[in-house]
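Residue numbers start from 1 in every chain, and the chains themselves are labelled A, B, ... in the order their sequence lines are given, proteins ahead of strands. Just so it is clear, the values below take in all heavy atoms, side chains as well, and ignore hydrogens, waters and symmetry mates.
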Amino acid sequence: MKFNICAAKPEDCKDIARMIMELAVYEKMPDQVKISYKELEKDGFGPNPFYQCLVAEVPEEHKSKDGHTKVGYALFFYTYSTWKGRTVYMEDLYVMPEYRGKGMGKALMATVAKVAKEQHCVRLQFSVLDWNKPSLDFYLSKGAEDLTAKEGWHFLRFHGIALDNLAQEAP
Amino acid sequence: MDFTIRAATLEDCKDISRMILELAEYEKVLDQVKITQRDLEQDGFSKNPFFHGIIAEVPEHHKSGEGHTKVGYSLYFYSYSSFKGRAVYMEDLYVMPEFRGKGIGKALMSKVSQLGLAAGCTQMNFTVLDWNKSSLDFYLKQGCWDVTSDLGYHCMRCEGDALEQLAQGDL
């Protein structure tokens, strides 16, 4: 299935907010979502954005049963390690269930890695709920390291050759 | 002991770099530090800084055994929760051993929380090495809760009333 990965625009915020809620439901914490598309617009698109976002979009003929063409996103921001320097933290990676298994998750993540490399970042970090085995397996298969080894959240990181390889897979 | 808390400037990078190495040594990972004073200058004081810093300084007559008046720092940056919105992440909090127990660490931390709240953040997050019991006890006493509950790193957060109170405790 054809798809595009591009930088989010302010008008994407309603779809991003929709997908954030879908992700929260998947992570079994829908009551934790406190922000709406308005905060996303304000916080992601001013002169000093708090985050960056990529959106995965499919052509009209592949729209979802609810009529959506924006079917995945990755939300990330720049962070800093006082040991290693510039890093990127990937806060969310999400693809709607009916669009999984088509390479969109990998493409989104690879594009984040690519952007990270362009900005001379040396790490891509993120966290995963430990019961989320499909996601954990996916990340480990891409060369991520599990830094926190038990129940609850896991901190994962891409660096070195694994990061280079992931960046090279960006569409 | 009298001390002041202020925003870090370019000229402070030499002392921040020194203290980063001291902190790394305390955390037993001195060989992991790859960034230099110059990296800090470029990454913290350019148009789109990757981090912000605050410095604790004592008067000349209280300088350290080696002649330093800059005796503590905190390095932080803004992050984002797709559920809760703007957040602040405290990457480092450090006070030179001979200046501990005088409220400097708490003042630095309060300042970060205050700046975070002023910027519209609803969370302050950070991590602690699990064997670092004195730091862990200090943070828990301030009203934080431990989000990741096992060996290795813990992700900590101050929010709600605890965050308000911490900010109000600033000098």
Side-chain angles (χ1 to χ4, degrees), chain A residues 16-17 19-21 23-24 27 29-36 38-40 42-44 47-53 73-94 119-123 125 127 129-130 146-155, chain B residues 16-17 19-21 23-24 27 29-36 38-40 42-44 47-53 73-94 119-123 125 127 130 146-155 159:
Chain A
I16 297 168
M19 288 189 279
I20 285 171
M21 184 54 82
L23 178 56
E27 290 181 344
M29 41 184 91
D31 56 317
Q32 297 282 326
V33 179
K34 305 293 180 200
I35 62 167
S36 73
K38 291 182 182 158
E39 280 81 21
L40 291 172
K42 189 171 78 159
D43 294 339
N48 294 307
F50 277 77
Y51 69 88
Q52 316 284 322
C53 194
Y73 77 99
L75 193 148
F76 63 99
F77 46 81
Y78 296 103
T79 58
Y80 205 74
S81 158
T82 41
W83 302 349
K84 301 283 165 70
R86 301 176 180 193
T87 54
V88 158
Y89 188 88
M90 187 172 70
E91 167 71 13
D92 283 355
L93 175 65
Y94 176 77
Q119 297 299 321
H120 308 291
C121 296
V122 296
R123 281 175 174 169
Q125 304 194 139
S127 56
L129 288 159
D130 67 343
D146 184 343
L147 299 180
T148 304
K150 235 187 225 190
E151 68 197 29
W153 295 87
H154 286 73
F155 287 92
Chain B
I16 296 173
S17 181
M19 288 189 279
I20 284 171
L21 290 171
L23 178 55
E27 290 179 346
V29 288
L30 192 53
D31 58 317
Q32 301 250 1
V33 180
K34 304 297 178 202
I35 61 164
T36 63
R38 177 132 178 78
D39 293 318
L40 292 173
Q42 285 184 334
D43 293 338
K47 182 173 177 293
N48 295 306
F50 277 77
F51 67 86
H52 306 281
Y73 78 98
S74 180
L75 198 141
Y76 66 96
F77 44 80
Y78 294 104
S79 61
Y80 206 73
S81 158
S82 52
F83 291 2
K84 302 278 169 71
R86 298 177 183 192
V88 65
Y89 188 90
M90 187 173 70
E91 167 70 16
D92 281 358
L93 176 65
Y94 175 76
C121 300
T122 56
Q123 290 179 352
N125 300 311
T127 54
D130 67 344
D146 186 341
V147 175
T148 303
S149 64
D150 223 307
L151 57 82
Y153 284 84
H154 286 74
C155 183
E159 65 182 355

- What do the steps show when you test F77(B) against F51(B) for ring pair (Phe, Tyr, Trp, His ring centres under 6.0 Å), and what is the final call? CA-CA 5 Å; F77(B) 44 80; F51(B) 67 86; 8.5 Å; no
- Sequence-distant partners of Y80(B), ring pair (Phe, Tyr, Trp, His ring centres under 6.0 Å), two or more places apart: Y51(A)
- Message: Quick check on L23(B) against chain A: is it the side chain, the backbone, both or neither that has a heavy atom closer than 4.5 Å?
- Response: neither
- Top residue by heavy-atom pair count (under 4.5 Å) with chain B, among N48(A), L23(A), I20(A), T82(A)? T82(A)
- Query: How many angstroms lie between atom OH of Y73(A) and atom OG of S82(B), to the nearest 0.5 angstrom?
  - Reply: 4.5 Å
- Message: Just so I understand: if I count every heavy-atom pair under 4.5 Å between each of G85(B), S79(B), S81(B) and chain A, which residue has the most?
- Response: S79(B)
- Note on the structure: In terms of heavy-atom pairs under 4.5 Å with chain B, the winner among E39(A), R86(A), K34(A) is R86(A)
- Item | Partners passing ring pair (Phe, Tyr, Trp, His ring centres under 6.0 Å) against Y78(A) (at least two apart in sequence or in another chain) | F50(B)
- Contacting moiety of E91(B), where chain A heavy atoms sit under 4.5 Å: side chain
- Query: Which atoms of Q32(A) come close to chain B, meaning under 4.5 Å heavy atom to heavy atom: side chain ones, backbone ones, both, or neither?
  - Reply: both
- Can you find a pair of side-chain heavy atoms, one from P49(A) and one from F77(A), that are under 4.5 Å apart? no
- With a 4.5 angstrom heavy-atom cut-off, could you sort out which part of I16(A) is near chain B: side chain, backbone, both or neither? neither
- What residue in V33(B), I16(B), I20(B) has the most heavy-atom pairs under 4.5 Å with chain A? V33(B)
- Item | Donor-acceptor contact present, side-chain S74(B) to main-chain D92(B), <3.5 Å | yes
